[in-house]
2 protein chains.
Amino acid sequence: MRQSREAKAETHQAIVAAAARRFRERGIEGTSVGDVMQAANRTHGGFYRHFESKDDLLIAALGRAFEEMLGVLDQGLAELPSQHALDGFMRRYTGPELVQDVAGGCPVAALSNDVLRSTEAVKAEFGRGVRAMIATLAAHLDGPEAEREARAARTFAMAAGAVMMARASDPETAGIVLGAVRAEAPGTDRRIGDHPA
Amino acid sequence: MRQSREAKAETHQAIVAAAARRFRERGIEGTSVGDVMQAANRTHGGFYRHFESKDDLLIAALGRAFEEMLGVLDQGLAELPSQHALDGFMRRYTGPELVQDVAGGCPVAALSNDVLRSTEAVKAEFGRGVRAMIATLAAHLDGPEAEREARAARTFAMAAGAVMMARASDPETAGIVLGAVRAEAPGTDRRIGDHPA
DNA sequence: AATTTAAGATGACGCTCATCCTCTTAATTT
DNA sequence: AAATTAAGAGGATGAGCGTCATCTTAAATT
């Protein structure tokens, strides 16, 4: 039965939200259109009223996942003085809460390898997300613009790399990797308010 | 027709070598048993005389890929003084030669996300490879053991993270990310909140 | 109110895949 | 040399997938 415009829009959002989680959790190839539609409480048939293809959905889902992640980032950085922006970010990004939550975590840490093997359009969307993450982080730093961006990019790369490696390893190895990058962040083993040496 | 023991061993190695490349290039789900056998110049039927399952092959292929990568690493580090081990590694790992060669490049940069979604046995093998990479890098550094390992792990995480992000992005974004980590390779020795000199 | 449109359900199509089975034949064992 | 074993070829099986076509029915348009 035909649905109203608002109902359709609601369905659209439900599909994107479900896809954003499913793709991160199970990967691109591991997620079927039917899976996503079921997770959105719909049947698979209506899918092509909303998206031209699975890739089209993937692009929308990436956009959504990055939006969510930018929200988490902003929230975590909001109250931090700029000298602690990078280590605050590192601490949060590599903490158990985000590391264990693949479906709700960073799309970079969950989907980089899958996107590598996708179309240029998908990579373009992914790249937009990456730049937005770097820009957001950089905005919380001090110094000349180019340098802020570079420092943000380096820290982000290290955090994402550590999380990806840790997730793909046995617990012992994961501990070594996460421990190494978390120890690097001043304040990790300090009380709130303390400043790094 | 039945093959001799040596012929079988040769076939076995050919399968592992083909798989090590295919998995890195196309991902785990993107690589079929038939693909691998064809790349090894065999038919798919004989596969189960060599491996119990695709996962079993994956474990062997991961071992092989890490071996290859450790060779590249050792070779690149061999002539470097220890103060330049980390930035030498970083420059090589994030250089166009390795970044563009997904099939022959680092298994961490190519397969982390796929392994994340695999069995514990696969993760254990991956973790072994990660620790071997870190240990090899650390062996080329100076200082107390625990600290050498931590510095190696941090640099490796940053390098792998940057390569994964770059590969999954549009060329412009890739340039930003790789440029940031390459511009200041020695920066991986610094604490995260520090400004570059 | 009559007509047109389109959202979503259902089912089908063609393809791919991991795994298994059988057959042939040559290597290995006796 | 005869008997046994097993590597690899070829084919089959059963499941899952992306996408498409059809149908129903209610929303949107006239």
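In the text below, chain A, chain B and the rest are named by the order of the sequence lines, each starting its count at 1. What you see below is based on every heavy atom in this structure, not just the backbone, and it leaves out hydrogens, waters and symmetry mates.
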dG8(D), dG8(C), dG18(D): which one has an atom nearest the side-chain heavy atoms of R49(A)? dG8(C)
Mind checking if H44(A) touches a base, just sugar-phosphate, or nothing, with heavy atoms under 4.0 Å? base
Least distance between heavy atoms, R128(B) atom then D170(A) atom: N-OD1, 4.3 Å
Could you go through the side-chain contact (heavy atoms from CB on, under 4.5 Å) check for L116(A) and M164(B) one step at a time? CA-CA 8 Å; L116(A) 188 187; M164(B) 287 191 259; over 6 Å; no
Exercise: identify the closest heavy-atom pair between G76(A) and R92(A): CA-NE, 3.6 Å
Mind calculating the distance between CD (E10(B)) and C1' (dG8(D)) to the nearest angstrom? 15 Å
Same apolar cluster (I L V M F W Y, side chains within < 4.5 Å links), V102(B)/I28(B): no
Partner residues of H12(A) under the side-chain hydrogen bond (donor to acceptor under 3.5 Å, both in side chains) criterion, sequence neighbours left out: H50(A)
Return the value, rounded to whole Å, for the distance between atom CZ of F47(B) and atom P of dC17(C). 14 Å
So which one's nearest nucleotide on DNA chain C is more toward 5', V33(B) or E6(B)? V33(B)
Considering non-hydrogen atoms only, spot the tightest contact between R117(A) and A110(B) and give its length. NH2-O, 2.8 Å
Once you round it to whole Å, what is the distance between C1' of dG11(D) and CE of M37(B)? 15 Å
Please give me every residue in residues 118-126 of chain A whose heavy atoms get under 4.0 Å of an atom in DNA chain D, ordered by residue number. none
Grab the two heavy atoms, one from K54(B) and one from E29(B), that are nearest each other, plus how far apart they are. NZ-CA, 4.1 Å
Kindly state which residues belonging to residues 51-65 of chain A come within less than 4.0 angstrom of DNA chain D, counting heavy atoms of the residue only, listed by number. S53(A), K54(A)
Atom NE2 of H50(B) and atom P of dT19(C) are separated, to the nearest Å, by 16 Å
Separation of dT5(C) C1' from Q3(A) CD (nearest whole Å): 14 Å
Would L73(A) and Y93(A) show up in the same hydrophobic cluster when neighbours are defined by side-chain heavy atoms closer than 4.5 Å? yes
Does OP1 or OP2 of dA26(D) have a side-chain N or O of S4(A) closer than 4.0 Å? no
Quick check: is F126(B) connected to I176(A) through a chain of hydrophobic side chains (ILVMFWY, heavy atoms under 4.5 Å apart)? no
Once you round it to whole Å, what is the distance between P of dG8(D) and NZ of K8(B)? 7 Å
Would you kindly give the OH-to-C1' distance between Y48(B) and dC23(C), to the nearest whole Å? 20 Å
Please report, rounded to the nearest Å, how far the P atom of dG8(D) is from the CG atom of N41(B). 13 Å
Give the residues of residues 12-32 of chain A touching DNA chain D, defined as any heavy atom closer than 4.0 Å, sorted by residue number. T31(A), S32(A)
Not counting sequence neighbours, which residues clear side-chain hydrogen bond (donor to acceptor under 3.5 Å, both in side chains) with E97(A)? List them please. none
Candidate pair L57(B) and V33(B), rule side-chain contact (heavy atoms from CB on, under 4.5 Å), full reasoning: CA-CA 9 Å; L57(B) 169 64; V33(B) 168; 5.5 Å; no
Name every donor-acceptor pair, under 3.5 Å, that has one atom in a side chain of residues 136-143 of chain B and the other anywhere in the protein, sequence neighbours excluded.
{"from": "T136(B)", "atom 1": "OG1", "to": "A132(B)", "atom 2": "O", "distance (Å)": "2.9"}
{"from": "D142(B)", "atom 1": "OD1", "to": "S82(B)", "atom 2": "OG", "distance (Å)": "3.3"}
{"from": "D142(B)", "atom 1": "OD2", "to": "S82(B)", "atom 2": "OG", "distance (Å)": "2.5"}

Go nucleotide by nucleotide along DNA chain C from the 5' end; which of G34(B) and R5(B) gets its closest nucleotide reached first? G34(B)
Is a donor-acceptor pair below 3.5 Å formed from side chain R2(B) to base dT5(D), judging by atom type as modelled? yes
Record whether the side chain of R42(B) comes under 3.5 Å of the base of dG8(D) through a donor-acceptor pair of N or O atoms. no
